[in-house]
Amino acid sequence: MNDPNDHKFRKYHPYQDLYNVPAQNLYNLPTAPEFLFHEESLHQRRSWSENLQYYTGTGYLAGAILGGAKGSIEGIRAAEHGETLKLRVNRVLNSGGHAGRKFGNNLGVLGLMFAGIESGLIHWRDTDDLVNTVLAGLSTGAIYRAAKGPRSAAIAGAIGGIAAAGAVAAKQAVKRYVPI
């Protein structure tokens, strides 16, 4: 009954179909995001909390890097003739760390304000478009500099709105013209 020449019965071999399979078929992972519920797939953007973390973290990191570089250059320029190498390195590290923390905190707060205002506008207007981003940039700049007076707030608001519109335009241009 278990004759190997008998074609009615075949031994079970769990790996029989895996011998001649190309590697790309084994690991054919989806490229689109997967969602548990259909309603989640309709919104092609980050949630407000993800947005908050993204803009705050990105702002702090960019500010810390730029501020650290600026402070390090200031520390190198402030070196006096006759100082030891240890003192010069200490001056560069101290000034770089101080400026990096200062710039990082300022840009992190700007990112936090921008993300909160943009998420609020998206919820209030019930749409996600360029207007929300520009209004969020304008509002962020104006609120950030409001303590310096109305003229400074207006200028900072205009700069924030233009910067937000420029960032969106640059993102769209990169999506359109740079193949990924």
Side-chain angles (χ1 to χ4, degrees), residues 23-74 93-180:
Q24 62 264 27
N25 290 349
L26 282 177
Y27 303 108
N28 191 7
L29 301 174
T31 56
E34 296 178 4
F35 298 100
L36 186 59
F37 301 108
H38 176 68
E39 295 83 17
E40 292 176 340
S41 67
L42 298 177
H43 301 292
Q44 296 294 323
R45 62 178 322 276
R46 292 185 289 264
S47 69
W48 70 271
S49 61
E50 291 170 338
N51 235 4
L52 207 66
Q53 292 175 9
Y54 175 75
Y55 285 123
T56 304
T58 304
Y60 183 82
L61 182 64
I65 291 171
L66 293 174
K70 181 182 180 285
S72 297
I73 291 171
E74 288 174 358
L93 291 175
N94 284 341
S95 62
H98 177 71
R101 283 189 304 275
K102 186 177 174 183
F103 276 47
N105 287 339
N106 287 338
L107 283 182
V109 167
L110 284 173
L112 181 73
M113 289 170 52
F114 178 81
I117 293 170
E118 185 184 37
S119 295
L121 285 170
I122 289 170
H123 179 73
W124 182 56
R125 294 185 64 230
D126 199 29
T127 182
D128 186 15
D129 56 1
L130 174 66
V131 175
N132 291 336
T133 305
V134 172
L135 285 176
L138 190 132
S139 302
T140 299
I143 291 170
Y144 189 74
R145 297 297 284 191
K148 301 277 186 181
R151 182 173 186 262
S152 179
I155 291 170
I159 291 171
I162 291 169
V168 170
K171 182 179 177 183
Q172 294 299 326
V174 166
K175 273 185 173 179
R176 183 172 185 173
Y177 295 114
V178 176
I180 294 176

S.K.: For Ala146 versus Ala153, what's the shortest heavy-atom pair and its separation?
M.R.: CA-CB, 3.9 Å

S.K.: If we check side chain to side chain contact (heavy atoms under 4.5 Å, CB included) with Trp124, which of these qualifies: Ile122, Leu121, Asp126?
M.R.: Leu121

S.K.: In Å, rounded to the nearest 0.5 Å, how long is the span from CG of Leu66 to CG of Leu61?
M.R.: 9.5 Å

S.K.: Do Thr133 and Phe114 have side chains that get closer than 4.5 Å, going by heavy atoms?
M.R.: yes

S.K.: Is there a donor-acceptor pair closer than 3.5 Å between any side-chain N or O of Asn132 and the backbone N or O of Thr127?
M.R.: yes

S.K.: Do you know which two heavy atoms are closest between Glu118 and Tyr55, and how far apart they sit?
M.R.: OE1-CE1, 3.6 Å

S.K.: Testing the basics here: between Ala99 and Gly71, what is the closest heavy-atom pair and its distance to 0.1 Å?
M.R.: CB-CA, 3.8 Å

S.K.: Roughly how far, to the nearest 0.5 Å, is the NE2 atom of His123 from the CG atom of Asp128?
M.R.: 14.0 Å

S.K.: What is the minimum heavy-atom distance between Gly63 and Leu107, and which atoms define it?
M.R.: CA-CD1, 3.4 Å

S.K.: Taking all non-hydrogen atoms of both residues into account, name the closest pair between Met113 and Ile143 and its distance.
M.R.: CE-CG2, 3.5 Å

S.K.: If I compare all heavy atoms of Asn51 with all of Ala115, which pair ends up nearest, and what's the gap?
M.R.: O-CB, 3.7 Å

S.K.: Could you tell me whether the side chain of Arg145 and the main chain of Gly141 form a donor-acceptor pair under 3.5 Å?
M.R.: no

S.K.: Just how far is it from atom CZ of Arg101 to atom OH of Tyr60, taken to the nearest 0.5 Å?
M.R.: 8.0 Å

